[in-house]
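Remarks on the structure that follows.
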Amino acid sequence: MNSNEIKKLDSEKIVATYGRYDLVADSGKGAICRSVDGKEYIDFTAGIGVNCLGFCDDGWVEAVTAQLKKLQHVSNLYYTEPQVKVASMLTERTGMKKVFFGNSGAEANEAAIKTARKYGSVNKGIEKNRIITLNNSFHGRTMATITATGQEGYHKFFTPFLDGFDYCDANDIDQLKELVSDDTCAIMMEMIQGEGGVLNLDAGFVKAVESICAEKDILFIADEVQTGIGRTGKLFAYEYFGVKPDIVTFAKGIGGGLPIGGALFSEKCCDVLEPGNHGTTYGGNPVACAGAVEVLTRIDDAFLEDVTKKGEYLREKLLDIPQVKSVSGMGLMLGAEIEGKEAGQVVKDALEMGLMILTAKDRVRMLPPLTITYDELDAGLEILKKALA
Ligand SMILES: *Cc1c(COP(=O)(O)O)cnc(C)c1O
């Protein structure tokens, strides 16, 4: 099919939940995506922070296909080696104790929310468990996670939403203290609000959250679905803040392009969920886990240092562009505050000129593959400059 045939069928046959851009992707290698029309694009999106090793990385393809030829799926009623490998790698590198595997970011957060509520009920005797999240946050699209998402725009149409969520302004320690009650079982937040505009939390606020949680026996949940797995130059962004969350959720980057997510639990809450409490058919699928083993193997200290350097390079070059007023984010998760043109229009114009890039609220957001080269960064920046002009 050519691109027009595909776009026509898409509009007729697929529910229009996405405002799609004018690119029909066909193949890719590294940070280059090729359309069905044969046009090449530099990728500053990595599938929204998913393809951390880029398109079709050789080592990743090999790891995934080797597993695919051996065993594609078995019920979670049985054991598999790829699952325990990923769990071991994640727990060893974070000091967390155990993992629950799901298939997406929303599912990772659902597992965290259920764990927090059971922890509140069983360990603290709370009947009306409440969870504090932040205004302008994003935690997913399921009923619980859109309720957790502190943005009015998501709280329409699908009534009734879940009870038990309170919303606090990011970085407002006084407001947080007021919201915390005897019914609070957890505080959940992104270290950098991704969909909310690539907004970094203040270190002092994150530290305060940690100490309030410790003092009141409240679970501190870090949603690292977008910030995790090397994206910011650390395995997880919470490491920058010198804190230790009780639950860390992850997804996007970990599978290198295959659907896998999950939650890491500290000693305090790693045995809250028991047989029958929670589960999913596909969670921790062996092929997705084989991809995750490759991703985690590759993201070693030297790799992370490289991400930090490339992030600094990209930030500096962005700040040299006259229309860029400021740059937020960390590592290779950056948001450019721009003037003179609307972010959505910049993204459309950049695509036309051969660069895939994202928005986050009124910012232009960049989440390139972590393996992107300096030449590719330069080429993408040249296009971005033209699109901003
Ligand atoms: C993308 C995202 C989610 C949701 O992940 P899905 O895989 O789309 O369900 C949750 N939290 C954050 C911070 C995200 O960026």
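Quick note: numbers below take in every heavy atom, side chains included, and nothing from hydrogens, waters or symmetry partners. First listed ligand is number 1; within each ligand, the first listed atom is number 1.
Within 4.0 Å of ligand 1, counting heavy atoms only, the contacting residues are Ser104, Gly105, Ala106, Asn109, Phe138, His139, Gly140, Glu190, Asp223, Val225, Gln226, Lys252.
Aromatic ring pairs are classed by plane angle as parallel below 30°, tilted from 30° to 60° and perpendicular above 60°; the pair His278 and Phe100 is tilted. Using the six-membered ring where Trp is involved, Phe158 and Phe161 have ring planes that are perpendicular, over 60° apart on the 30 and 60° scheme. Below 30°, between 30° and 60°, or above 60°: for Phe138 and Tyr154 the angle between ring planes is between 30° and 60°, a tilted geometry.
With respect to Glu294 and Arg298, a salt bridge is recorded, a charged nitrogen being found less than 4.0 Å from a carboxylate O. With salt bridges taken as basic N to acidic carboxylate O contacts below 4.0 Å, none links Asp57 and Lys29.
In this structure, Lys234 forms a cation-pi arrangement with Tyr240, its terminal cationic atom sitting closer than 6.0 Å to the ring centre and no more than 45° off the ring axis.
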